[in-house]
Protein chains: 2
Amino acid sequence: MTVTIKDVAKRANVAPSTVSRVIADSPRISEKTKQRVREAMKELGYHPNFIARSLASQMTQVIGIVMPSSADQALQNPFFPEVIRGISKAAHEKRYALQMSIGEKENDIYERVVEMLQGRRVDGVILLYSRQNDKLMKYLLKHGFPFVVIGKPHQKAEQVTHVDNDNVQAGKDAANWLIARGHERIAFVGGNPQYLVTVDRQTGYAAALQEAGLPYRPEYVVHAEFLQEGGQEAMKELLSLPEPPTGLVVADDLMALGILKTLDEMGLGVPEDVSIVSFNNTLLAEMSRPPLTSVDIGIFQLGYEAAKSLIEKITNLNEPIKRIIIPHRLVERGSCARR
Amino acid sequence: MTVTIKDVAKRANVAPSTVSRVIADSPRISEKTKQRVREAMKELGYHPNFIARSLASQMTQVIGIVMPSSADQALQNPFFPEVIRGISKAAHEKRYALQMSIGEKENDIYERVVEMLQGRRVDGVILLYSRQNDKLMKYLLKHGFPFVVIGKPHQKAEQVTHVDNDNVQAGKDAANWLIARGHERIAFVGGNPQYLVTVDRQTGYAAALQEAGLPYRPEYVVHAEFLQEGGQEAMKELLSLPEPPTGLVVADDLMALGILKTLDEMGLGVPEDVSIVSFNNTLLAEMSRPPLTSVDIGIFQLGYEAAKSLIEKITNLNEPIKRIIIPHRLVERGSCARR
DNA sequence: TTGTATGCGTTATCAG
DNA sequence: CTGATAACGCATACAA
């Protein structure tokens with residue numbers, strides 16, 4: 001029924017191994033027989049069976065994508081489709097397929113990924129998150145499975161190839177943008193502090209304040225999970241302080257969207273009353289009112305480089321550990337005003 | 001190095017085939033030896049090799065997800081993560097893994113999916129789109145590959161298992177909502193008319209107008225690709241008509257977000273000047289200003305049922321063709337006012 | 001440059 | 001209830 005390498009071999013009057021070599025485009029086969037074999041393949045409608053190939057070669061040509069737990073609505077963040085586009089591009093260039101693992105709870109994810117790898121379904125994985133004390137990462141390191149992290153690993157960063165931004169600098173740039181426009185009361189609204197991006201950007205924010213001689217006020221730092229209960233309240237508190245901030249550095253565009261809403265409900269206008277700089281420069285930044293000044297972090301590239309690195313690692317196990325920093329740049333739109 | 005079924009067999013003093021049966025939990029193995037074998041598996045840290053299993057059993061336990069072409073920014077639509085969550089849930093329940101195919105151009109996608117299927121990497125696929133005259137769908141039908149469409153197939157709908165909403169009724173409901181609130185000039189803003197959702201919702205919209213005795217005005221129907229050039233202009237034209245609409249039925253939340261922006265630029269308020277009903281009821285509907293009255297179409301369920309149906313089809317090739325309709329319901333928020 | 005033989009880790013078909 | 005043994009479709013070391 002399904003046409004195999006043997007059928008092709010017969011048709012072309014060669015041995016199966018020859019056909020195999022033609023598929024691999026081995027240089028040790030004469031052009032003439034290559035032609036003949038290829039013709040036979042066409043005529044029979046041959047398609048190589050990846051499963052069989054994988055079993056024989058011990059390589060699947062599949063890479064696994066590990067998403068953060070879907071319990072939080074993180075998936076709704078436009079960040080993900082965009083990284084995946086980047087991953088997909090690089091993967092396709094090297095003829096790799098993509099397998100995906102989504103789980104509700106952290107432990108779900110762990111188990112599925114272990115199964116993926118131990119079951120030899122994938123050659124390696126890309127982690128689209130990086131959380132504190134990650135059981136999965138430890139497992140991967142221990143067993144020597146090829147993997148790459150997007151973001152900065154909490155532990156053992158020197159042992160883990162990762163693709164990241166200079167989030168400290170990015171946080172600094174964002175705050176400086178506001179400082180340069182005369183703002184002196186600048187708050188930081190971050191996401192889950194379990195994720196290192198948040199921490200890094202906050203660090204940069206704090207550094208910028210310090211360099212500018214502005215005081216760091218703890219009450220100006222809020223970690224609001226906007227999608228959860230309580231997020232709005234935290235924001236409202238912040239803006240109801242005796243000395244409310246005039247500028248906000250916000251962890252990402254999706255959060256900024258939520259904040260715009262909260263501000264609106266409080267009767268505060270952007271940028272007249274409050275200026276905002278956010279991160280990621282996704283579609284949302286363009287579509288929001290006002291459009292958001294946002295730090296572009298090269299999401300597509302993050303994915304692209306991660307996949308490229310992973311594939312290098314897979315094909316060459318001695319590939320050194322790498323840290324790749326994707327440049328960022330602030331994109332000005334309408335959410336910041338001079339003070 | 002890697003521990004196989006044979007190692008386990010030796011350890012447990014049984015034949016490899018017995019181990020295989022234990023893995024499959026065959027009833028023809030005594031509980032006693034099952035215990036023994038399972039112990040041996042634990043002790044050796046055995047993990048079954050899916051690739052080998054796939055080759056022998058001719059089943060991969062993997063389903064493919066086919067995304068629409070990423071050339072347009074469709075991927076940015078929160079619809080996708082949510083369907084995928086649904087798919088993932090059902091897949092995991094039946095212990096299936098997910099493989100993903102993203103391509104830039106339509107032809108890209110076609111080729112990758114053919115490769116996926118012919119290469120026996122997946123047992124079947126779910127199409128997350130349904131476009132006119134789809135080459136891929138024809139191919140799938142012709143070759144008898146198991147597949148399920150989310151949305152309504154343009155052609156041969158009777159031959160294709162699909163999971164859809166009653167989009168005509170949904171369109172009607174949306175329009176009626178506005179009509180019931182006294183609106184008489186209601187426009188329809190759809191996405192790409194190549195996609196049947198758009199057409200169906202428009203049909204429902206038109207039917208509602210007719211039933212209410214309102215005139216159908218062609219100039220009130222706009223297909224705006226917001227993310228492209230020209231989208232804004234089309235909207236502005238619509239709203240600059242001598243008799244501009246007071247109500248808008250908008251294809252989805254993401255588009256509605258863009259429209260809110262355009263309206264704002266034109267100095268029009270929602271819902272004071274223009275009322276909006278949109279579709280999908282994603283996170284964006286909650287986060288926008290004002291929050292959007294939106295028709296919830298059960299995105300998660302669409303994915304869940306699709307995956308379930310596909311798996312049924314894979315495991316039982318005689319499974320009949322099905323059409324599954326996921327119920328919708330309009331969720332009221334703040335974007336509609338009485339006239 | 002090409003062919004032969006063997007193995008990849010399982011499942012499945014026979015026996016027993 | 002359990003054990004040999006032959007596929008599954010391809011890659012590769014070794015021959016020729």
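So you know, we letter chains A, B, ... as the sequences are listed, proteins then strands, and number each from 1. Reckoned from all heavy atoms, side chains included, excluding hydrogens, waters and symmetry mates.
Scanning DNA chain C 5' to 3' for nucleotides with an atom closer than 4.0 angstrom to a non-hydrogen atom of chain A gives a first and last hit of C/dT1 to C/dG9.
Checking A/K152 against A/S130 by side-chain atom types alone, no donor-acceptor pair falls below 3.5 Å.
Applying the 4.0 Å criterion to OP1 and OP2 of D/dG9, one finds that A/T2 has a side-chain N or O inside that range. Phosphate proximity of D/dG9 to B/Q58: present, with a side-chain N or O under 4.0 Å from OP1 or OP2.
A salt bridge links A/K322 with A/E312: the closest approach of a Lys/Arg side-chain nitrogen to an acidic carboxylate oxygen falls below 4.0 angstrom. The pair B/E39-B/R11 does not meet the salt-bridge criterion, since no charged nitrogen lies less than 4.0 angstrom from a carboxylate oxygen. A salt bridge between A/D108 and A/R112 is present, with a side-chain N of the basic residue lying under 4.0 Å from a carboxylate O of the acidic one. One finds no salt bridge joining B/K105 and B/E111 here, because no Lys/Arg side-chain nitrogen approaches an Asp/Glu carboxylate oxygen to under 4.0 Å.
With B/V122 as the partner, the side chain to side chain contact (heavy atoms under 4.5 Å, CB included) test is satisfied by one option alone out of B/I63, B/I314, B/L117: B/L117.
Between the P atom of D/dC8 and the CG atom of B/N49 lies a distance of 19 Å, rounded to the nearest Å. Regarding B/M59, its CE atom lies at a distance of 16 Å from the P atom of D/dC8, rounded to whole Å. Here D/dA4 presents its P atom at 14 Å from CD1 of B/I5, a figure rounded to the nearest Å.
Note: A/Y96 OH to A/K308 NZ = 14.0 Å, rounded to the nearest 0.5 Å.
Put simply, the side chain of A/M41 reaches to within 4.5 Å of the side chain of A/R38, judged on heavy atoms.
No contact: A/F50 has no heavy atom under 4.0 Å from any strand.
Within residues 8-45 of chain B, the residues having any heavy atom under 4.0 Å from DNA chain C are, by residue number, B/S17, B/S20, B/R21.
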